[in-house]
Amino acid sequence: MVQYELPKLAYDYDELEPHIDAETMRIHHQKHHQSYADGLNSALDKVCGASHPQYISSILSDLKSVPETGRSAVNFFGGGYENHKLFWETMTPDGDKSPGGKLEDSIDVYYDNFENFKKVFSEKAVSIQGSGWCWLVFNQTYNKIEIITTSNQDSPWVLQKIPLLALDVWEHAYYLHYQNRRPEYVNSWWNVVNWDYVENRFSELNG
Ligand code: MN3
């Protein structure tokens, strides 16, 4: 059967410093993300037997197709697996600080300008109660970008929205370095956003 594996990072654990410290990165990737991969493999094994033909993002998009007994576990571990995968991909040591191309145009349309977009996104991220994620997503129904938050490991795919940019605001993502100072973590994270990658994801959806 398909086994989900811990994805390799495109950078070393210490390369996002000082914004995200190496110890946090190592534990987050090797321990937390690994546990979501293991949990997803186990959850799918229980409900689907030998294999499931679809990739996890497709499964999450049609969660009702998963037998009810395992749906919650697939949602949690599948979301956890895929959310973290995107989180790593949308960061880089060579953060170029701002989006470009069509994504920047779209941000200007819906959020006036990039600075205001960051402000709105940061406020939403900081105000999440408990554990969760803040996202820039593409809403295909309305053909527009949106900033949304989700609780725990809930994925935008479950809401039929395509995640473009992911910010993990579980305490395990920042507590070692920032303790309870989530606003500082969010503010610093902007320095390592991989806008090239995010813009490419957006462009692929918009021809
Ligand atoms: Mn996490």
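Just so you know, ligand 1 is whichever comes first in the structure, and atom 1 is the first atom listed for that ligand. A quick note: this is a predicted structure, and the numbers were derived from the prediction, not measured.
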Regarding W133 and Q153, is there a side-chain donor-to-acceptor distance under 3.5 Å anywhere? yes
Taking backbone and side chain together, does H32 place any N/O/S atom at a distance below 2.8 Å from the Mn ion (ligand 1)? no
Measure up the H172 and Y36 rings against each other and bin them: parallel (under 30°), tilted (30 to 60°), perpendicular (over 60°). tilted
Once you measure the plane-to-plane angle for H33 and H84, does it fall in the parallel (<30°), tilted (30-60°) or perpendicular (>60°) bin? tilted
Test of geometry: compute the angle OD2(D168)-the Mn ion (ligand 1)-NE2(H84) and round it to 10°. 100°
Using a strict threshold of under 4.0 Å (side-chain N to carboxylate O), is an ion pair present between K119 and E123? yes
With respect to the Mn ion (ligand 1), please indicate if H172 possesses an N, O or S atom at a distance under 2.8 Å. yes
